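Numbers here are sequence positions counted from 1. Not measured: the values here are computed from a predicted model.
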Amino acid sequence: MAKSETSAGALPDVDGLGEDAPPFWRKVAAERWGEGRGGTIMGGVVLLLGIALTAFQLYIALRAGLDARQQRLIHLMLVMLLVFLIMPPFKKGKVDGNPILLVIGAVIDLLMVVGTVVVSLYPIIFQSELARRAGAYTELDWIMGAVAIVILLEATRRSVGLVMVILVAGFLYYAWIGPMIPGRFGHSGATYERIATHTYLGNDGIYGLTLGVVVTFVFVFILFGALLSKTGGGNFFVGLAYVLTGRMVGGPAKGAVLGSALMGSVSGSAIANVVTTGPFTIPLMKRVGYKKHDAAGVEAAASTGGQILPPIMGAGAFLMAERLGIPYADIVKVAIIPAIMYFALMFLFVDILARKHNVGTMKKEDVPAFAIVMRAGWHFLAPLVLLIVLLLNYVPPTQAGLAACGALLVVAMLRAGSRLSVQDFLEVFVMAARSTLPVSVACAVAGIIVGVVGLTGLGLVFSDVLVNAFAGNLFMTLVMVALASLIMGIGLPVTASYVVLVILAGPALEQLGLALIVAHMIVYWLSQDSNVTPPVAFAAFAAAGIADSKPMRSGVSAWKFAKGLYLIPLLMAYSALMEVDGPVLDLVIAIVTGSAALAAGAIAIEGWFLRRTMIGERLAFGLSAALVLIAPEWTGWVESLLSVHVASHWFVLAGSVACTVLIALQVINHRRDKAKGLVTPLGRPRTDTDVETEEKADRSMA
C-alpha cells in the first residue's frame, strides 16, 4: 500500500512490522528451528499455541467459566509449552555441529512438554479428590509437586535466567534446613513432601495470587499493546512525540522520552519498549550530536519510566492492587504525579545534555507535520482516553482493558491504513502470547518464594531485623532496600524483584510509619532499577546494541538519567506527594518543593545547566536538594548534634529557596555571558577558541 497523508503509512515505522516482514510466528520459530521445513512446522505449532493461549484468556475474561485455580493451571501450561518450543535448552553455538547435544536437547524438550501437560492436568482431573485429602496428601501428590517445581525451574532458566533459578532453589533449601540454622533466621523446618505439596497445591505457591494477577489482569493489557503495535498506534504516538518536541533543544532525545513514555505505559516491558522505539529514536539522537552511549541511556531510562506511568503500568502495579486489596484506579491516582515528575526530570537531563554538548535542534524536514500525523492516527487517541476514563471510574481493569481493545479494534478497522487482515489478527494473538511468556513464568516462580516465606515466617523475621539493625532509621532502611533491589535486579526481572522485596521489606517500611501503599510504591519504583543499573542493566544493554555503543557505558548513562527512580521515592517517604486525597495545599507544596529539589539534584549530578557549574556550585545544589528530599532526617540530626528542635518544614523551605536562587543565578549569568558573545550557539561544534572563551567566563564567576 502506498503511503498517504491520511493513512498510517504516513507515520514512521518504529515497530518494524511492515508488509514485507514474515509472519510473526514464523519469525519466532525460525530463531530456534531455522528457516527450513522444521521451522515451518514448528511455526504452525507456535501459531496454534499462541491462538489457544490468547483465545483462552479472552474466554475467561468474557465468561469466567472456570474457577481461579483452573484458569491459572491452563494458562501456565500453555505458557510453558510455548517456552519449551521457542526457547532452546542449550545456547545455539553449543548445539551447532554437536549431534549429541542436539539429541539430549530434544529428549529434554520432550520430557518437559509431557511433564508440563501431566502436572497441569493432574490437579484439574483430580480436583475433588485433592480437596478431600487436603493436608493429608499422598506420595503421588508430592511427587507431582516436585516434578512441577523442576519443570517450572527449567522454564525459568530459559525465559528469565539462571540467577532466578538459583535464588528460588536457595529459598527451597532454606525451608528444608530450618532447624539447622542458628539465630533468629532458624525455624522448625519442613519436609520435602510438605514443601512440594505446599508449593504445588497450596493457595500460596506456583498457582497463587502472583500468577493469578497475570491471568486476570495483565494479559488483557499485553493484548492491548500488541493490538496497538500491529495497527500502527505505536507509530502514531512516537510521531506525535516528535511533533511536540522536534523543534526544542535536544528535540530527538525529548521525543524519545515522550514517545517511549507513551509506548512504555501500554507495552508493559521496558526491554520490549527499547527494541520497539529504539531503532527509530536512537539514530535520530545520534544524528543531531548526542553521543552513542547517551542516546542509548536516554532511550533505556525513558522506556523504564513507562513502567511507572499510568494508565497501564507494569505487571507489578496490578500485583500491588491485589496485594493491598484496593481498586487499580487508586494505584493510578497516586502514581500519576510521581511519574510525571520522573519524566520532567528526564526532560531536564536531556536538555542539560544538549546544552553541555552543544546539540542543536532537529532539521525541519525531520520533524513530522502535526496535521499529517494527526490525520494519520488521531483515531488511536479514542481507545486510550476510554481506557483512562474507565479506570478512573473504578471499572475493573479486565473490563476496562477489554473495552479498550474493542474500541481500538473498531477505530482501526474504520481506517484503511490501520485495518487488520486475518493474518494480522493471528499475529496479534501470537505477539500477545509471546510477550507474556517471561512475565507469567517469573510470576509463577516468584509464587514459590511467596509460599516459602509464608511457610517459614521469614518475612516477619527479616522485617524485624531490618528495622532493629538501623534503630528505626527510615533513611538507612530505604538505602538498604535500594541496595537489596539492586542486588536482586542482577538476576530477577522487575516484577519478581518487586514481589520478593515487598514481602521481605514491605512490613519493615510500614513499621517505620509509612502508609502501606507508599511502602509498596517505593519498593515498586526501586525494583525498576534492574533495567538501568550496571552491572546488569537489561534495557540499557538492549539499547546499546541498537546504538552500537559499549554496554557498560550505556548502562552508566541510563543509570544517571533514571535518577528519579532513587530520588522520587524519598519524596514519597518524606513528603505529602502520595497524599492525593489529603489537603490540596500540602500536595501542591510537595510538588513544587520536590520539583525544585529534583532540578537541583540533576544539575549537581550532571555538573551543567545553562553553563558549566563549578565544584562549589555543584555541592551547593546537592546540599539544597538534600535539605528538601530528606527534611525530617535533618530535624533528627540537628536535634542530636545541637539539642535544638527545628521543624522539618523549615528545612524544606530553606532548601527550596536555595535551589531557586542557585537556578536563578545560573539563568542570569548565562544571559550575561550570551549578551557578551561568550556562549557558543547551539548546534555549532565548539572550537578551541569557544572552549577557551567559556572557560574564561567560568573563571570570572569562580
Side-chain angles (χ1 to χ4, degrees), residues 15-17 21 23-29 31 43-62 71-72 74-83 85-87 159 211-234 263-273 275-276 306-307 311-315 318 380 383-384 387 397-409 412-413 418 420-444 493 495:
D15 295 311
L17 299 174
F24 185 75
W25 59 86
R26 288 286 302 277
K27 179 183 176 182
V28 169
E31 290 176 357
V45 177
V46 170
L47 172 61
L48 291 175
L49 286 173
I51 293 173
L53 177 57
T54 305
F56 172 73
Q57 287 294 144
L58 290 174
Y59 168 74
I60 61 177
L62 294 168
Q71 293 175 11
R72 298 167 192 176
I74 295 175
H75 172 91
L76 189 59
M77 179 183 72
L78 295 172
V79 163
M80 289 200 297
L81 288 176
L82 277 168
V83 168
L85 287 176
I86 293 173
M87 302 174 183
S159 61
L211 177 62
V213 171
V214 180
V215 178
T216 307
F217 302 125
V218 176
F219 190 90
V220 172
F221 293 99
I222 291 176
L223 178 62
F224 180 76
L227 192 60
L228 188 70
S229 178
K230 192 60 185 175
T231 55
M263 281 301 296
S265 67
V266 297
S267 72
S269 169
I271 299 174
N273 195 14
V275 299
T276 298
Q307 306 291 286
I312 307 173
M313 302 160 70
F318 294 96
F380 291 117
L384 196 59
L387 177 63
T398 302
Q399 296 179 21
L402 285 173
C405 288
L408 176 57
L409 187 59
M413 297 303 284
S418 56
L420 300 181
S421 64
V422 174
Q423 178 177 310
D424 293 331
F425 274 108
L426 299 180
E427 290 206 19
V428 168
F429 275 36
V430 179
M431 289 167 64
R434 175 63 181 84
S435 296
T436 200
L437 299 187
V439 178
S440 294
V441 172
C443 286
T495 304

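Contact of the Val220 side chain with the Gln399 side chain is not registered, since no non-hydrogen atoms from C-beta on lie closer than 4.5 Å. Residues Thr436 and Val218 have side chains not in contact (no heavy-atom distance under 4.5 Å, counting atoms from C-beta outward). No side-chain heavy atom of Cys443 sits under 4.5 Å from any side-chain heavy atom of Val213. For the pair Leu409/Leu420, a side-chain contact is recorded, criterion being any heavy-atom separation below 4.5 Å from C-beta on. By the 4.5 Å heavy-atom criterion applied to side chains, Leu58 and Leu402 are counted as neighbours. Side-chain atoms of Leu49 and Val430, non-hydrogen and from C-beta on, never get closer than 4.5 Å to each other. The closest side-chain heavy-atom distance from His75 to Gln57 is below 4.5 Å. Counting only heavy atoms from C-beta outward, the side chains of Leu53 and Phe219 approach each other to under 4.5 Å.
The distance from atom CG of Leu81 to atom CG of Leu48, rounded to the nearest 0.5 Å, is 12.0 Å. Rounding to the nearest 0.5 Å gives a distance of 10.5 Å between CG of Leu408 and CG of Leu387. Within the model, atoms CD1 of Ile74 and OH of Tyr59 stand 9.5 Å from one another, a figure rounded to the nearest 0.5 Å. For the atom pair CZ of Phe56 and CE of Met77, the computed distance is 8.5 Å after rounding to the nearest 0.5 Å. For the atom pair CH2 (Trp25) and CD1 (Ile86), the distance works out to 13.5 Å, reported to the nearest 0.5 Å. Between the CZ atom of Phe221 and the OG atom of Ser435 there is a distance of 15.0 Å, given to the nearest 0.5 Å.
Nearest heavy-atom pair across Leu384 and Pro311 is CD1-CG, 4.1 Å. Residue Ala226 comes nearest to Ala432 through the heavy atom pair CB-N, 4.0 Å, listed as atom of the first residue, atom of the second, then distance. In this structure, Pro383 and Ala404 approach most closely via the heavy-atom pair CB-O, 3.8 Å. Of all heavy-atom pairs between Pro438 and Ser159, the closest is CB-O, 4.0 Å. The two residues Gly50 and Ala433 come nearest to each other via the heavy atoms CA-CB, 3.8 Å.
A distance-only check finds no donor-acceptor pair linking the side chain of Ser440 to the backbone of Leu437 [under 3.5 Å]. No donor-acceptor pair under 3.5 Å is formed between the side chain of Gln423 and the backbone N or O of Pro23. Listed for the Thr398 side chain is a donor-acceptor partner under 3.5 Å among the backbone atoms of Thr216.
The aromatic rings of Phe217 and Phe318 lie parallel to each other, their planes meeting at an angle below 30°, with 60° marking the opposite boundary.
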request  = Could you check Phe380 against Thr231 for side chain to side chain contact (heavy atoms under 4.5 Å, CB included), going step by step and ending with a plain yes or no?
outcome  = CA-CA 9 Å; Phe380 291 117; Thr231 55; 3.4 Å; yes
Test log, rule side chain to side chain contact (heavy atoms under 4.5 Å, CB included), inputs Leu82 and Leu78 = CA-CA 6 Å; Leu82 277 168; Leu78 295 172; 5.7 Å; no
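Shown are Arg434, Lys27, Lys230; of these, the salt bridge (charged side-chain N to carboxylate O under 4.0 Å, His left out) with Glu427 is made only by Lys230.
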